[in-house]
2 protein chains.
Amino acid sequence: MTNTTSALVIDDHPLSASGIADFLLSHCGFGVALPVSDVGEFWAALDPVNPPSLAVVDFWLPDGASLGLLELMKQRCPATRLLAISADDNAAVLDKVRMAGVDGFLHKQETPDIFGRAVAALLQGDNWFHGGTQSAGREFANKELPVTAAELGLTARQGQVLAMMLKGLPNKRIALNLSLSEQTVKEHVSGILERLGARNRIEVITKLRGRRLE
Amino acid sequence: MTNTTSALVIDDHPLSASGIADFLLSHCGFGVALPVSDVGEFWAALDPVNPPSLAVVDFWLPDGASLGLLELMKQRCPATRLLAISADDNAAVLDKVRMAGVDGFLHKQETPDIFGRAVAALLQGDNWFHGGTQSAGREFANKELPVTAAELGLTARQGQVLAMMLKGLPNKRIALNLSLSEQTVKEHVSGILERLGARNRIEVITKLRGRRLE
DNA sequence: TCCAACACCCTACTCCAGTAGGGTTCCGTG
DNA sequence: CACGGAACCCTACTGGAGTAGGGTGTTGGA
(Lines give C-alpha, C1' and ligand atoms only; values in the text may rest on other atoms or scores of the structure.)
Protein backbone atom coordinates (compact mmCIF):
# COMPACT_ATOMS: atom_id res chain seq x y z
CA MET A 1 0.00 0.00 0.00
CA THR A 2 1.33 3.39 -0.90
CA ASN A 3 -1.13 5.45 1.06
CA THR A 4 -2.66 3.57 3.98
CA THR A 5 -4.40 5.72 6.53
CA SER A 6 -2.86 5.21 9.95
CA ALA A 7 -3.88 6.12 13.48
CA LEU A 8 -2.56 6.16 17.01
CA VAL A 9 -5.02 5.67 19.88
CA ILE A 10 -4.12 6.49 23.47
CA ASP A 11 -6.38 5.64 26.37
CA ASP A 12 -5.31 4.48 29.80
CA HIS A 13 -7.86 1.70 29.64
CA PRO A 14 -6.25 -0.75 27.23
CA LEU A 15 -9.53 -2.34 26.25
CA SER A 16 -11.00 1.00 25.42
CA ALA A 17 -7.99 1.88 23.31
CA SER A 18 -8.00 -1.36 21.37
CA GLY A 19 -11.77 -1.18 20.92
CA ILE A 20 -11.43 2.20 19.28
CA ALA A 21 -8.48 1.02 17.21
CA ASP A 22 -10.47 -1.97 16.00
CA PHE A 23 -13.31 0.30 15.05
CA LEU A 24 -11.00 2.50 12.99
CA LEU A 25 -9.68 -0.55 11.19
CA SER A 26 -12.98 -2.21 10.50
CA HIS A 27 -15.28 0.74 9.90
CA CYS A 28 -13.24 3.77 8.97
CA GLY A 29 -10.93 2.36 6.35
CA PHE A 30 -7.75 2.63 8.35
CA GLY A 31 -4.88 0.39 7.39
CA VAL A 32 -3.06 0.80 10.70
CA ALA A 33 -4.48 1.69 14.11
CA LEU A 34 -2.18 1.26 17.06
CA PRO A 35 -3.64 1.27 20.57
CA VAL A 36 -1.39 2.41 23.42
CA SER A 37 -2.17 2.94 27.07
CA ASP A 38 0.46 5.28 28.39
CA VAL A 39 2.31 8.38 27.32
CA GLY A 40 5.73 6.74 26.98
CA GLU A 41 4.31 4.11 24.70
CA PHE A 42 2.66 6.83 22.68
CA TRP A 43 5.86 8.72 21.88
CA ALA A 44 7.67 5.46 21.26
CA ALA A 45 5.08 4.40 18.73
CA LEU A 46 5.13 7.73 16.96
CA ASP A 47 7.19 7.97 13.82
CA PRO A 48 7.97 11.67 13.26
CA VAL A 49 9.08 11.05 9.70
CA ASN A 50 5.84 9.37 8.73
CA PRO A 51 3.26 10.66 11.21
CA PRO A 52 -0.19 9.05 11.50
CA SER A 53 -3.17 10.67 9.82
CA LEU A 54 -5.10 10.68 13.08
CA ALA A 55 -4.42 10.56 16.80
CA VAL A 56 -7.23 9.75 19.20
CA VAL A 57 -6.45 10.94 22.72
CA ASP A 58 -8.37 10.24 25.89
CA PHE A 59 -8.61 13.44 27.92
CA TRP A 60 -8.41 11.72 31.27
CA LEU A 61 -4.92 10.37 31.17
CA PRO A 62 -3.21 10.05 34.57
CA ASP A 63 -1.79 13.32 35.92
CA GLY A 64 -3.65 15.31 33.30
CA ALA A 65 -0.94 14.42 30.84
CA SER A 66 -3.24 14.71 27.87
CA LEU A 67 -3.11 18.49 27.51
CA GLY A 68 0.67 18.54 27.31
CA LEU A 69 0.61 15.62 24.95
CA LEU A 70 -1.89 17.31 22.67
CA GLU A 71 0.08 20.55 22.52
CA LEU A 72 3.37 18.79 21.86
CA MET A 73 1.71 16.66 19.23
CA LYS A 74 0.37 19.73 17.48
CA GLN A 75 3.87 21.16 17.32
CA ARG A 76 5.67 18.05 16.22
CA CYS A 77 3.13 16.63 13.80
CA PRO A 78 0.92 19.45 12.59
CA ALA A 79 -0.33 17.26 9.78
CA THR A 80 -1.82 14.73 12.15
CA ARG A 81 -5.48 15.30 12.92
CA LEU A 82 -6.17 15.30 16.66
CA LEU A 83 -9.38 13.88 18.11
CA ALA A 84 -9.87 14.20 21.87
CA ILE A 85 -12.34 11.98 23.67
CA SER A 86 -13.65 12.17 27.19
CA ALA A 87 -16.02 10.36 29.48
CA ASP A 88 -17.65 13.49 30.86
CA ASP A 89 -19.26 16.49 29.33
CA ASN A 90 -17.81 19.24 31.41
CA ALA A 91 -17.76 22.39 29.31
CA ALA A 92 -14.38 23.28 30.75
CA VAL A 93 -12.91 20.18 29.17
CA LEU A 94 -14.05 21.29 25.77
CA ASP A 95 -12.44 24.70 26.17
CA LYS A 96 -9.19 23.20 27.36
CA VAL A 97 -8.79 20.79 24.49
CA ARG A 98 -9.67 23.52 22.03
CA MET A 99 -6.97 25.69 23.50
CA ALA A 100 -4.58 22.78 23.14
CA GLY A 101 -5.26 22.84 19.43
CA VAL A 102 -7.20 19.65 18.81
CA ASP A 103 -9.30 19.31 15.69
CA GLY A 104 -12.23 17.49 17.23
CA PHE A 105 -13.83 16.47 20.48
CA LEU A 106 -16.21 13.64 21.31
CA HIS A 107 -17.78 11.85 24.23
CA LYS A 108 -16.82 8.28 24.74
CA GLN A 109 -20.47 7.43 25.04
CA GLU A 110 -21.20 8.67 21.58
CA THR A 111 -22.64 6.13 19.18
CA PRO A 112 -20.25 4.36 16.79
CA ASP A 113 -22.13 6.04 14.02
CA ILE A 114 -21.28 9.51 15.27
CA PHE A 115 -17.76 8.45 16.09
CA GLY A 116 -17.33 7.35 12.51
CA ARG A 117 -18.71 10.59 11.19
CA ALA A 118 -16.39 12.61 13.39
CA VAL A 119 -13.39 10.65 12.13
CA ALA A 120 -14.48 11.13 8.55
CA ALA A 121 -14.88 14.86 9.10
CA LEU A 122 -11.40 15.14 10.58
CA LEU A 123 -9.79 13.22 7.73
CA GLN A 124 -11.51 15.57 5.32
CA GLY A 125 -9.95 18.52 7.07
CA ASP A 126 -13.08 19.63 8.91
CA ASN A 127 -13.40 20.09 12.65
CA TRP A 128 -15.82 18.33 15.00
CA PHE A 129 -17.05 20.00 18.16
CA HIS A 130 -20.61 18.90 18.61
CA GLY A 131 -20.09 17.75 22.16
CA GLY A 132 -22.24 20.36 23.83
CA THR A 133 -25.45 19.43 22.10
CA GLN A 134 -25.75 16.07 23.83
CA SER A 135 -26.98 16.71 27.36
CA ALA A 136 -30.46 15.19 26.94
CA GLY A 137 -31.31 12.32 29.21
CA ARG A 138 -28.01 11.77 30.94
CA GLU A 139 -28.33 12.96 34.48
CA PHE A 140 -25.57 10.78 35.83
CA ALA A 141 -22.82 12.20 33.69
CA ASN A 142 -21.83 15.06 36.01
CA LYS A 143 -18.94 13.03 37.40
CA GLU A 144 -16.26 11.19 35.58
CA LEU A 145 -17.50 7.86 34.25
CA PRO A 146 -14.65 5.78 32.89
CA VAL A 147 -15.12 2.34 31.53
CA THR A 148 -13.98 0.16 34.42
CA ALA A 149 -16.21 -0.85 37.28
CA ALA A 150 -13.91 0.32 40.03
CA GLU A 151 -13.79 3.82 38.60
CA LEU A 152 -17.55 4.03 38.51
CA GLY A 153 -17.34 3.94 42.29
CA LEU A 154 -18.53 0.37 42.41
CA THR A 155 -17.17 -2.43 44.53
CA ALA A 156 -15.71 -5.51 42.89
CA ARG A 157 -18.85 -7.51 43.52
CA GLN A 158 -21.06 -4.77 42.14
CA GLY A 159 -18.89 -4.74 39.05
CA GLN A 160 -19.50 -8.42 38.46
CA VAL A 161 -23.21 -7.96 38.93
CA LEU A 162 -23.27 -4.95 36.62
CA ALA A 163 -21.50 -6.88 33.89
CA MET A 164 -24.23 -9.50 33.95
CA MET A 165 -26.95 -6.91 34.15
CA LEU A 166 -25.63 -5.38 30.95
CA LYS A 167 -25.94 -8.75 29.26
CA GLY A 168 -29.61 -8.76 30.16
CA LEU A 169 -29.48 -11.48 32.79
CA PRO A 170 -32.25 -11.44 35.42
CA ASN A 171 -31.41 -11.47 39.12
CA LYS A 172 -32.03 -15.18 39.51
CA ARG A 173 -29.45 -16.10 36.89
CA ILE A 174 -26.91 -13.67 38.24
CA ALA A 175 -27.42 -15.30 41.63
CA LEU A 176 -26.86 -18.76 40.17
CA ASN A 177 -23.80 -17.64 38.26
CA LEU A 178 -22.22 -16.09 41.34
CA SER A 179 -23.55 -18.69 43.80
CA LEU A 180 -25.49 -16.12 45.76
CA SER A 181 -29.04 -15.73 46.95
CA GLU A 182 -31.34 -13.68 44.77
CA GLN A 183 -31.79 -11.25 47.67
CA THR A 184 -28.11 -10.51 47.82
CA VAL A 185 -28.05 -9.81 44.12
CA LYS A 186 -30.89 -7.37 44.63
CA GLU A 187 -28.83 -5.56 47.25
CA HIS A 188 -25.96 -5.20 44.82
CA VAL A 189 -28.31 -4.05 42.11
CA SER A 190 -29.78 -1.44 44.43
CA GLY A 191 -26.28 -0.25 45.21
CA ILE A 192 -25.47 0.03 41.52
CA LEU A 193 -28.68 1.93 40.78
CA GLU A 194 -28.02 4.39 43.57
CA ARG A 195 -24.42 4.86 42.48
CA LEU A 196 -25.32 5.45 38.86
CA GLY A 197 -28.41 7.51 39.57
CA ALA A 198 -30.70 5.18 37.66
CA ARG A 199 -34.19 4.13 38.60
CA ASN A 200 -34.07 0.57 37.35
CA ARG A 201 -31.85 -1.83 35.44
CA ILE A 202 -33.33 -0.80 32.12
CA GLU A 203 -32.06 2.73 32.60
CA VAL A 204 -28.65 1.32 33.43
CA ILE A 205 -28.57 -0.77 30.28
CA THR A 206 -29.75 1.96 27.95
CA LYS A 207 -27.42 4.56 29.40
CA LEU A 208 -24.34 2.39 29.33
CA ARG A 209 -25.18 1.12 25.88
CA GLY A 210 -22.20 -0.04 23.90
CA ARG A 211 -19.87 -0.22 26.87
CA ARG A 212 -18.36 -3.17 28.58
CA LEU A 213 -17.02 -3.69 32.05
CA GLU A 214 -13.43 -4.45 32.95
CA MET B 1 -27.37 -26.53 -16.25
CA THR B 2 -25.93 -29.80 -15.18
CA ASN B 3 -24.38 -28.89 -11.90
CA THR B 4 -25.35 -25.47 -10.57
CA THR B 5 -25.35 -25.14 -6.81
CA SER B 6 -28.82 -24.22 -5.62
CA ALA B 7 -30.26 -22.98 -2.35
CA LEU B 8 -33.58 -22.32 -0.68
CA VAL B 9 -33.79 -19.53 1.90
CA ILE B 10 -36.72 -19.25 4.30
CA ASP B 11 -37.17 -16.28 6.57
CA ASP B 12 -40.46 -14.70 7.49
CA HIS B 13 -38.96 -11.30 6.84
CA PRO B 14 -38.88 -11.14 3.04
CA LEU B 15 -36.12 -8.56 2.95
CA SER B 16 -33.93 -10.69 5.13
CA ALA B 17 -34.57 -13.75 2.99
CA SER B 18 -33.81 -12.05 -0.27
CA GLY B 19 -30.74 -10.42 1.23
CA ILE B 20 -29.34 -13.79 2.15
CA ALA B 21 -30.26 -15.24 -1.21
CA ASP B 22 -28.50 -12.40 -2.98
CA PHE B 23 -25.42 -13.00 -0.92
CA LEU B 24 -25.37 -16.68 -1.84
CA LEU B 25 -25.63 -15.78 -5.50
CA SER B 26 -23.04 -13.05 -5.51
CA HIS B 27 -20.50 -14.29 -2.98
CA CYS B 28 -20.85 -18.02 -2.59
CA GLY B 29 -21.01 -19.21 -6.16
CA PHE B 30 -24.62 -20.30 -6.13
CA GLY B 31 -26.43 -20.52 -9.43
CA VAL B 32 -29.88 -20.48 -7.87
CA ALA B 33 -30.98 -19.08 -4.53
CA LEU B 34 -34.69 -18.81 -3.93
CA PRO B 35 -35.98 -16.68 -1.06
CA VAL B 36 -39.33 -17.63 0.47
CA SER B 37 -41.12 -16.19 3.46
CA ASP B 38 -43.54 -18.82 4.63
CA VAL B 39 -43.64 -22.55 5.12
CA GLY B 40 -46.15 -23.27 2.36
CA GLU B 41 -44.04 -21.42 -0.15
CA PHE B 42 -41.05 -23.37 1.03
CA TRP B 43 -42.53 -26.79 0.31
CA ALA B 44 -43.97 -25.55 -2.94
CA ALA B 45 -40.55 -24.35 -4.07
CA LEU B 46 -38.88 -27.57 -3.10
CA ASP B 47 -38.25 -30.04 -5.89
CA PRO B 48 -37.83 -33.48 -4.26
CA VAL B 49 -36.36 -34.97 -7.41
CA ASN B 50 -33.64 -32.37 -7.64
CA PRO B 51 -33.21 -31.04 -4.09
CA PRO B 52 -31.16 -27.92 -3.38
CA SER B 53 -27.62 -28.21 -2.09
CA LEU B 54 -28.38 -25.92 0.81
CA ALA B 55 -31.37 -24.75 2.80
CA VAL B 56 -31.08 -21.71 5.04
CA VAL B 57 -33.80 -21.64 7.69
CA ASP B 58 -34.64 -18.84 10.09
CA PHE B 59 -35.28 -20.31 13.52
CA TRP B 60 -37.96 -17.81 14.42
CA LEU B 61 -40.64 -18.65 11.97
CA PRO B 62 -44.17 -17.95 13.17
CA ASP B 63 -45.62 -20.62 15.47
CA GLY B 64 -42.21 -22.18 15.94
CA ALA B 65 -42.65 -23.93 12.63
CA SER B 66 -38.94 -24.10 11.95
CA LEU B 67 -38.17 -27.15 14.07
CA GLY B 68 -40.77 -29.28 12.34
CA LEU B 69 -39.63 -27.97 8.99
CA LEU B 70 -36.02 -28.83 9.71
CA GLU B 71 -36.84 -32.37 10.82
CA LEU B 72 -39.07 -33.03 7.86
CA MET B 73 -36.46 -31.59 5.54
CA LYS B 74 -33.81 -33.88 6.99
CA GLN B 75 -36.02 -36.87 6.25
CA ARG B 76 -37.10 -35.92 2.79
CA CYS B 77 -33.87 -34.47 1.45
CA PRO B 78 -31.00 -35.92 3.47
CA ALA B 79 -28.56 -34.70 0.83
CA THR B 80 -29.47 -31.07 1.38
CA ARG B 81 -27.24 -29.27 3.85
CA LEU B 82 -29.24 -27.43 6.52
CA LEU B 83 -28.12 -24.10 7.93
CA ALA B 84 -30.20 -22.61 10.73
CA ILE B 85 -29.97 -18.92 11.52
CA SER B 86 -31.34 -16.97 14.45
CA ALA B 87 -31.44 -13.43 15.68
CA ASP B 88 -30.64 -14.30 19.28
CA ASP B 89 -27.91 -16.19 21.00
CA ASN B 90 -29.90 -18.31 23.37
CA ALA B 91 -28.05 -21.52 24.07
CA ALA B 92 -31.34 -23.41 24.08
CA VAL B 93 -31.85 -22.51 20.45
CA LEU B 94 -28.58 -24.10 19.53
CA ASP B 95 -29.51 -27.33 21.30
CA LYS B 96 -32.90 -27.44 19.67
CA VAL B 97 -31.66 -27.01 16.13
CA ARG B 98 -28.92 -29.57 16.72
CA MET B 99 -31.54 -32.06 17.86
CA ALA B 100 -33.49 -31.29 14.74
CA GLY B 101 -30.52 -32.47 12.72
CA VAL B 102 -29.22 -29.30 11.14
CA ASP B 103 -25.66 -29.16 9.84
CA GLY B 104 -24.85 -25.66 10.93
CA PHE B 105 -26.02 -22.74 13.02
CA LEU B 106 -25.30 -19.02 12.79
CA HIS B 107 -26.41 -15.70 14.21
CA LYS B 108 -28.03 -13.30 11.83
CA GLN B 109 -25.74 -10.55 13.07
CA GLU B 110 -22.66 -12.46 12.03
CA THR B 111 -20.42 -10.77 9.50
CA PRO B 112 -20.87 -11.64 5.83
CA ASP B 113 -17.36 -13.04 5.94
CA ILE B 114 -18.25 -15.60 8.59
CA PHE B 115 -21.53 -16.36 6.90
CA GLY B 116 -19.64 -17.16 3.73
CA ARG B 117 -17.23 -19.39 5.56
CA ALA B 118 -20.05 -21.28 7.22
CA VAL B 119 -21.72 -21.87 3.87
CA ALA B 120 -18.46 -23.08 2.37
CA ALA B 121 -17.93 -25.46 5.28
CA LEU B 122 -21.39 -26.93 4.87
CA LEU B 123 -20.98 -27.44 1.15
CA GLN B 124 -17.73 -29.25 1.85
CA GLY B 125 -19.55 -31.62 4.17
CA ASP B 126 -18.34 -30.07 7.41
CA ASN B 127 -20.52 -28.78 10.21
CA TRP B 128 -20.61 -25.26 11.62
CA PHE B 129 -21.54 -24.63 15.23
CA HIS B 130 -19.45 -21.73 16.36
CA GLY B 131 -22.38 -19.80 17.67
CA GLY B 132 -21.17 -19.69 21.26
CA THR B 133 -18.12 -17.62 20.57
CA GLN B 134 -20.09 -14.57 19.46
CA SER B 135 -17.13 -12.57 18.18
CA ALA B 136 -15.59 -10.79 21.15
CA GLY B 137 -13.80 -7.97 19.37
CA ARG B 138 -16.65 -5.74 18.41
CA GLU B 139 -18.46 -4.24 21.31
CA PHE B 140 -17.51 -0.80 20.16
CA ALA B 141 -18.20 -1.34 16.52
CA ASN B 142 -21.07 -3.80 16.28
CA LYS B 143 -23.72 -2.65 13.90
CA GLU B 144 -25.25 0.70 13.42
CA LEU B 145 -27.25 -0.73 10.58
CA PRO B 146 -30.64 0.85 10.94
CA VAL B 147 -33.37 -1.72 11.17
CA THR B 148 -36.82 -0.90 9.97
CA ALA B 149 -39.89 -2.10 11.76
CA ALA B 150 -41.15 -3.78 8.62
CA GLU B 151 -37.92 -5.71 8.33
CA LEU B 152 -38.54 -7.21 11.73
CA GLY B 153 -42.06 -8.16 10.73
CA LEU B 154 -43.62 -5.55 12.98
CA THR B 155 -46.62 -3.33 12.35
CA ALA B 156 -46.18 0.43 12.22
CA ARG B 157 -47.53 0.88 15.70
CA GLN B 158 -45.30 -1.84 17.08
CA GLY B 159 -42.38 -0.08 15.46
CA GLN B 160 -43.15 3.14 17.30
CA VAL B 161 -43.47 1.28 20.58
CA LEU B 162 -40.24 -0.62 19.98
CA ALA B 163 -38.35 2.60 19.31
CA MET B 164 -39.35 3.90 22.71
CA MET B 165 -38.67 0.60 24.39
CA LEU B 166 -35.12 0.77 23.08
CA LYS B 167 -34.72 4.17 24.68
CA GLY B 168 -35.58 2.59 28.00
CA LEU B 169 -39.01 4.15 28.41
CA PRO B 170 -41.50 2.27 30.64
CA ASN B 171 -44.96 1.40 29.36
CA LYS B 172 -46.64 4.29 31.09
CA ARG B 173 -44.50 6.87 29.35
CA ILE B 174 -44.88 5.20 26.00
CA ALA B 175 -48.62 5.34 26.55
CA LEU B 176 -48.48 9.05 27.33
CA ASN B 177 -46.26 9.77 24.34
CA LEU B 178 -48.57 7.95 21.96
CA SER B 179 -51.78 8.99 23.71
CA LEU B 180 -52.75 5.40 24.42
CA SER B 181 -53.77 3.45 27.46
CA GLU B 182 -51.05 1.55 29.23
CA GLN B 183 -52.90 -1.68 28.48
CA THR B 184 -52.73 -1.11 24.77
CA VAL B 185 -49.03 -0.48 24.98
CA LYS B 186 -48.70 -3.80 26.79
CA GLU B 187 -50.46 -5.51 23.92
CA HIS B 188 -48.05 -4.04 21.44
CA VAL B 189 -45.13 -4.99 23.64
CA SER B 190 -46.40 -8.56 23.85
CA GLY B 191 -46.65 -8.66 20.09
CA ILE B 192 -43.09 -7.40 19.74
CA LEU B 193 -41.78 -9.95 22.22
CA GLU B 194 -43.47 -12.79 20.39
CA ARG B 195 -42.22 -11.57 17.03
CA LEU B 196 -38.64 -11.18 18.16
CA GLY B 197 -38.62 -14.33 20.26
CA ALA B 198 -37.77 -12.49 23.46
CA ARG B 199 -39.06 -13.13 26.95
CA ASN B 200 -39.13 -9.54 28.17
CA ARG B 201 -38.16 -6.04 27.12
CA ILE B 202 -34.70 -6.39 28.58
CA GLU B 203 -33.93 -9.20 26.17
CA VAL B 204 -35.18 -7.04 23.34
CA ILE B 205 -32.93 -4.16 24.34
CA THR B 206 -29.83 -6.29 24.79
CA LYS B 207 -30.38 -8.18 21.55
CA LEU B 208 -30.88 -5.08 19.46
CA ARG B 209 -28.04 -3.30 21.21
CA GLY B 210 -26.52 -0.55 19.13
CA ARG B 211 -29.15 -0.64 16.45
CA ARG B 212 -31.53 2.06 15.42
CA LEU B 213 -35.06 1.98 14.25
CA GLU B 214 -35.94 3.39 10.87
C1' DT C 1 -70.90 -10.50 2.77
C1' DC C 2 -68.00 -12.61 5.82
C1' DC C 3 -63.63 -13.06 7.84
C1' DA C 4 -58.90 -11.80 9.19
C1' DA C 5 -55.87 -8.38 10.74
C1' DC C 6 -54.99 -4.30 13.15
C1' DA C 7 -55.60 -0.84 16.69
C1' DC C 8 -57.78 0.15 20.62
C1' DC C 9 -59.76 -0.48 25.48
C1' DC C 10 -60.80 -3.14 29.92
C1' DT C 11 -60.27 -6.34 34.40
C1' DA C 12 -57.71 -9.56 36.83
C1' DC C 13 -54.06 -12.24 37.63
C1' DT C 14 -48.84 -13.84 38.15
C1' DC C 15 -44.07 -12.92 38.38
C1' DC C 16 -40.01 -10.23 38.81
C1' DA C 17 -37.64 -5.91 40.23
C1' DG C 18 -36.61 -3.02 43.71
C1' DT C 19 -37.19 -1.09 48.63
C1' DA C 20 -37.36 -1.35 53.66
C1' DG C 21 -35.73 -3.12 57.67
C1' DG C 22 -34.08 -6.74 60.20
C1' DG C 23 -29.72 -9.59 60.95
C1' DT C 24 -24.62 -12.13 60.58
C1' DT C 25 -19.69 -12.46 59.50
C1' DC C 26 -15.06 -10.68 58.17
C1' DC C 27 -11.58 -7.21 57.70
C1' DG C 28 -9.00 -2.98 58.04
C1' DT C 29 -8.32 1.44 60.60
C1' DG C 30 -8.24 4.78 64.27
C1' DC D 1 -11.08 -2.72 71.16
C1' DA D 2 -14.57 -0.50 68.81
C1' DC D 3 -16.30 1.11 64.69
C1' DG D 4 -17.41 1.28 59.65
C1' DG D 5 -17.84 -0.90 55.46
C1' DA D 6 -18.50 -4.78 52.47
C1' DA D 7 -20.52 -9.02 51.60
C1' DC D 8 -23.83 -12.07 52.82
C1' DC D 9 -28.62 -13.80 54.23
C1' DC D 10 -33.74 -13.22 55.51
C1' DT D 11 -39.02 -11.63 55.41
C1' DA D 12 -42.37 -8.55 53.73
C1' DC D 13 -43.99 -5.19 50.96
C1' DT D 14 -44.97 -2.00 46.55
C1' DG D 15 -45.13 -1.42 41.75
C1' DG D 16 -44.23 -2.45 36.97
C1' DA D 17 -44.10 -6.04 33.35
C1' DG D 18 -46.37 -9.38 30.96
C1' DT D 19 -50.34 -12.86 30.23
C1' DA D 20 -55.14 -14.34 29.84
C1' DG D 21 -59.41 -13.41 28.25
C1' DG D 22 -62.97 -10.49 27.53
C1' DG D 23 -64.55 -6.59 24.25
C1' DT D 24 -65.22 -2.52 20.10
C1' DG D 25 -64.48 -0.34 15.51
C1' DT D 26 -62.14 -0.11 11.02
C1' DT D 27 -60.21 -1.86 6.77
C1' DG D 28 -59.28 -4.82 2.98
C1' DG D 29 -59.39 -9.09 0.67
C1' DA D 30 -61.80 -13.78 -0.66
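Here is the naming used below: chain letters follow the sequence lines, and residue numbers restart at 1 for every chain. Because the structure is a prediction, the values reported are computed rather than measured.
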Checklist line | Any residue meeting side chain to side chain donor-acceptor pair (under 3.5 Å) with B:T184, in chain and number order, not counting sequence neighbours | finding: B:S181

Select one nucleotide: of [options], the one nearest the side-chain heavy atoms of [X].
{"X": "B:R157", "options": "C:dC16, C:dA7, D:dC9", "result": "C:dA7"}
{"X": "B:K186", "options": "D:dG18, C:dC10, C:dA17", "result": "D:dG18"}
{"X": "A:N171", "options": "D:dT19, D:dC10, C:dG18", "result": "C:dG18"}
{"X": "A:L180", "options": "C:dC9, D:dG16, D:dC9", "result": "D:dC9"}
{"X": "A:R201", "options": "C:dA17, C:dT19, C:dC9", "result": "C:dA17"}

Is there a side-chain contact between [X] and [Y], using heavy atoms and a 4.5 Å cut-off?
{"X": "B:L34", "Y": "B:V9", "value": "no"}
{"X": "A:V56", "Y": "A:I10", "value": "no"}
{"X": "A:L106", "Y": "A:F129", "value": "no"}
{"X": "B:L69", "Y": "B:F42", "value": "yes"}

Hey, can you pull the donor-acceptor pairs under 3.5 Å for the side chains in residues 168-178 of chain B, sequence neighbours left out?
unit_1 : atom_1 : unit_2 : atom_2 : d
B:N171 : OD1    : B:R201 : NH1    : 3.0
B:N171 : OD1    : B:R201 : NH2    : 3.2

Next item on the list: Verify the contact: side-chain N or O of A:S190 to OP1 or OP2 of C:dT19, cut-off strictly under 4.0 Å; return yes or no.
Entry: yes

Notebook entry, point to check: Below 4.0 angstrom from OP1 or OP2 of C:dA5, is there any side-chain N or O of B:T155?
Noted result: no

Just how far, in rounded Å, is [atom2] of [N] from [atom1] of [X]?
{"X": "A:R199", "N": "C:dG18", "atom1": "CZ", "atom2": "C1'", "value": "13 Å"}
{"X": "A:L154", "N": "D:dA6", "atom1": "CG", "atom2": "P", "value": "11 Å"}
{"X": "A:M164", "N": "C:dA17", "atom1": "CE", "atom2": "P", "value": "15 Å"}
{"X": "A:I202", "N": "D:dG16", "atom1": "CD1", "atom2": "P", "value": "12 Å"}
{"X": "A:Q183", "N": "C:dG23", "atom1": "CD", "atom2": "P", "value": "17 Å"}
{"X": "A:H188", "N": "D:dG5", "atom1": "NE2", "atom2": "P", "value": "17 Å"}
{"X": "B:N200", "N": "D:dG15", "atom1": "CG", "atom2": "P", "value": "22 Å"}
{"X": "A:E182", "N": "C:dC15", "atom1": "CD", "atom2": "P", "value": "13 Å"}

Next item on the list: Would you mind classifying the nucleic acid contact of A:S181 as base, sugar-phosphate or nothing, using non-hydrogen atoms under 4.0 angstrom?
Entry: sugar-phosphate

Note to self: Quick check on the helix from C:dT1-D:dA30 to C:dG30-D:dC1: what's the angle between its two end axes, five base pairs per end, to the nearest 10°?
What the structure shows: 20°

Check: Is the NZ atom of A:K167 crowded by more than 12 outside heavy atoms at less than 6.0 Å?
Finding: no

Between [X] and [Y], is there a donor-acceptor pair closer than 3.5 Å when you use the side chain of the first and the backbone of the second?
{"X": "A:R199", "Y": "A:V204", "result": "no"}
{"X": "B:E194", "Y": "B:S190", "result": "no"}
{"X": "B:R195", "Y": "B:L154", "result": "no"}

Next item on the list: Report the C-alpha distance between A:V102 and A:L83 in whole Å, list the side-chain angles of each, state the deciding distance to 0.1 Å, and finish with yes or no for side-chain contact (heavy atoms from CB on, under 4.5 Å).
Entry: CA-CA 6 Å; A:V102 306; A:L83 176 61; over 6 Å; no

Check: Along nucleotides 23-29 of chain D, 5' to 3', which nucleotides get a B, which get an S, and which get a -, given that the test is a protein heavy-atom distance under 4.0 Å?
Finding: -------

Next item on the list: Could you tell me which residues satisfy side chain to side chain contact (heavy atoms under 4.5 Å, CB included) with B:L46, sequence neighbours excluded, listed by chain and number?
Entry: B:L8, B:W43, B:P52, B:M73, B:C77

Atom pairs, protein N/O to nucleotides 25-28 of chain C N/O, distance under 3.5 Å:
none

